[in-house]
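Scroll down for the structure; my scribbles are underneath it.
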Amino acid sequence: MKTPPIVSPQEWEAARQELLVEEKQLTRARDALAAKRRRMPWAAVEKEYEFDGPQGRVSLLDLFQGRRQLIVYRAFFEPGVYGWPDHACRGCSMLADQVGHVAHLNARGTTLVFASRAPQPEIERVKSRMGWTHIPWFTITDDFDSDFGVDEWHGTNAFFRDGDRVFRTYFINVRGDEALGSLWSYLDMTALGRQETWEDSPEGYPQTAPYEWWNWHDEYGEEAEPSQGWMDQIRRG
């Protein structure tokens with residue numbers, strides 16, 4: 001293994017600042033891409049789909065749980081997949097391990113669910129074993145996977161709900177999925193984005209000030225407005 005040169009702290013900092021220019025360019029390019037996603041045309045979902053869940057049969061509309069946005073990751077856990085019945089697909093399992101607390105997504109009107117073809121008892125068993133109890137996980141019962149490009153390989157679909165109408169707004173798969181799991185990676189693929197004032201979004205899209213809406217995952221809904229202590233900390237930062 002041929003390692004890089006060993007330099008002084010001053011030289012190291014100079015090299016870091018040089019690379020930081022490119023990192024900032026990457027960040028701005030990622031923000032610009034997310035802005036284009038928010039301007040993507042939508043495709044109406046005319047077909048009705050059903051899933052089995054912990055409380056029984058539900059529709060695609062039900063998966064939103066009353067929120068405006070829905071993200072569905074197609075995880076491979078079913079007969080024929082390597083690891084069955086003890087494990088889901090290794091790659092899908094790695095992604096599940098990356099998923100943060102969904103309460104932060106919910107606070108932005110967004111629901112995240114996983115969907116597989118395994119029966120609910122098997123899903124609940126592997127969720128408990130692997131520490132995925134925070135991820136809502138449903139059983140596909142029809143052509144949802146083939147209709148949305150995830151019958152042969154994993155992928156993540158984003159949807160928007162307008163009343164009882166559902167629209168497909170974006171789709172990420174293959175290597176795009178490997179970066180998902182964090183709050184921001186999921187919000188950046190949705191039609192509404194992070195919903196913060198600094199974003200380049202179409203006119204009329206919901207936006208609030210950054211930081212102010214953040215909360216502990218067990219206290220969303222406890223306060224109508226950010227606490228004064230939190231606002232003071234933001235200003236100091």
Side-chain angles (χ1 to χ4, degrees), residues 49-159 161 171-187 189-190 214-222:
Y49 298 94
E50 292 190 330
F51 304 80
D52 284 333
Q55 279 76 50
R57 188 63 59 95
V58 294
S59 68
L60 178 62
L61 192 63
D62 292 329
L63 296 188
F64 283 81
Q65 299 176 24
R67 301 182 182 96
R68 286 187 293 188
Q69 299 191 127
L70 170 69
I71 299 171
V72 182
Y73 175 69
R74 201 303 194 201
F76 278 82
F77 177 49
E78 57 209 55
V81 173
Y82 179 74
W84 174 266
D86 296 325
H87 284 289
C89 153
R90 285 183 176 178
C92 297
S93 297
M94 289 177 69
L95 192 144
D97 286 339
Q98 297 173 191
V99 174
H101 205 291
V102 297
H104 304 292
L105 280 171
N106 298 164
R108 295 278 88 177
T110 305
T111 300
L112 171 70
V113 306
F114 278 35
S116 301
R117 286 198 170 271
Q120 277 297 298
E122 298 297 325
I123 288 175
E124 291 302 317
R125 177 183 55 78
V126 80
K127 282 176 61 177
S128 178
R129 173 182 176 176
M130 300 298 287
W132 300 331
T133 55
H134 61 300
I135 303 176
W137 203 314
F138 294 84
T139 302
I140 300 168
T141 67
D142 47 35
D143 297 328
F144 176 86
D145 49 4
S146 58
D147 288 350
F148 292 102
V150 287
D151 55 329
E152 299 293 338
W153 200 242
H154 61 83
T156 307
N157 279 281
F159 300 91
R161 179 181 67 85
F171 176 59
I172 292 177
N173 66 348
V174 197
R175 284 200 62 201
D177 274 335
E178 71 184 19
L180 297 178
S182 72
L183 166 71
W184 308 119
S185 65
Y186 282 127
L187 289 178
M189 72 170 289
T190 65
W214 298 10
N215 208 339
W216 295 289
H217 71 245
D218 62 345
E219 290 196 10
Y220 279 112
E222 295 292 323

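Taking 4.5 Å as the limit, every side-chain heavy atom of L95 sits out of range of all side-chain heavy atoms of E178. The closest side-chain heavy-atom distance from F76 to S116 is not below 4.5 Å. Here the side chains of V113 and I71 are not in contact, with every heavy-atom distance at 4.5 Å or above. In this structure, the side chains of V99 and Y73 stay at 4.5 Å or more apart for every pair of heavy atoms. Contact annotation: the side chain of R129 never approaches that of E124 to less than 4.5 Å [non-hydrogen atoms, C-beta and beyond]. Contact annotation: the side chain of R108 approaches that of L187 to within less than 4.5 Å [non-hydrogen atoms, C-beta and beyond]. Taking 4.5 Å as the limit, every side-chain heavy atom of T156 sits out of range of all side-chain heavy atoms of F171.
No side-chain N or O of H87 forms a donor-acceptor pair with one of Y82 less than 3.5 Å apart. Between the side chains of D143 and Y49, no donor N or O sits under 3.5 Å from an acceptor N or O.
A distance of 11.5 Å separates NE2 of H104 from OG of S182, quoted to the nearest 0.5 Å. Put simply, CE on M189 and CG on D177 are 8.0 Å apart, with the number rounded to the nearest 0.5 Å. In this structure, CG in L180 is found 9.5 Å from CG in L112, a value given to the nearest 0.5 Å. In this structure, CG on D86 lies 6.0 Å from CZ on R125, to the nearest 0.5 angstrom. The CG atom of L70 sits 11.0 Å away from atom OG1 of T190, with the distance rounded to the nearest 0.5 Å. Distance OG1/T111 to CZ/F159: 12.5 Å, rounded to 0.5 Å.
Ring-plane geometry between H134 and H101 is classed as tilted, the angle between the planes lying from 30 to 60 degrees on a 0 to 90 degree scale.
In this structure, E122 and W84 approach most closely via the heavy-atom pair CG-CH2, 3.8 Å.
Applying the ring pair (Phe, Tyr, Trp, His ring centres under 6.0 Å) criterion to F51, with sequence neighbours excluded, gives F144. W184 is linked by a ring pair (Phe, Tyr, Trp, His ring centres under 6.0 Å) to W214, counting only residues two or more places apart in sequence or in another chain. With sequence neighbours left out, the ring pair (Phe, Tyr, Trp, His ring centres under 6.0 Å) criterion links H154 to no other residue.
Between R57 and D62 there is no salt bridge, since no side-chain nitrogen of the basic residue lies less than 4.0 Å from a carboxylate oxygen of the acidic one.
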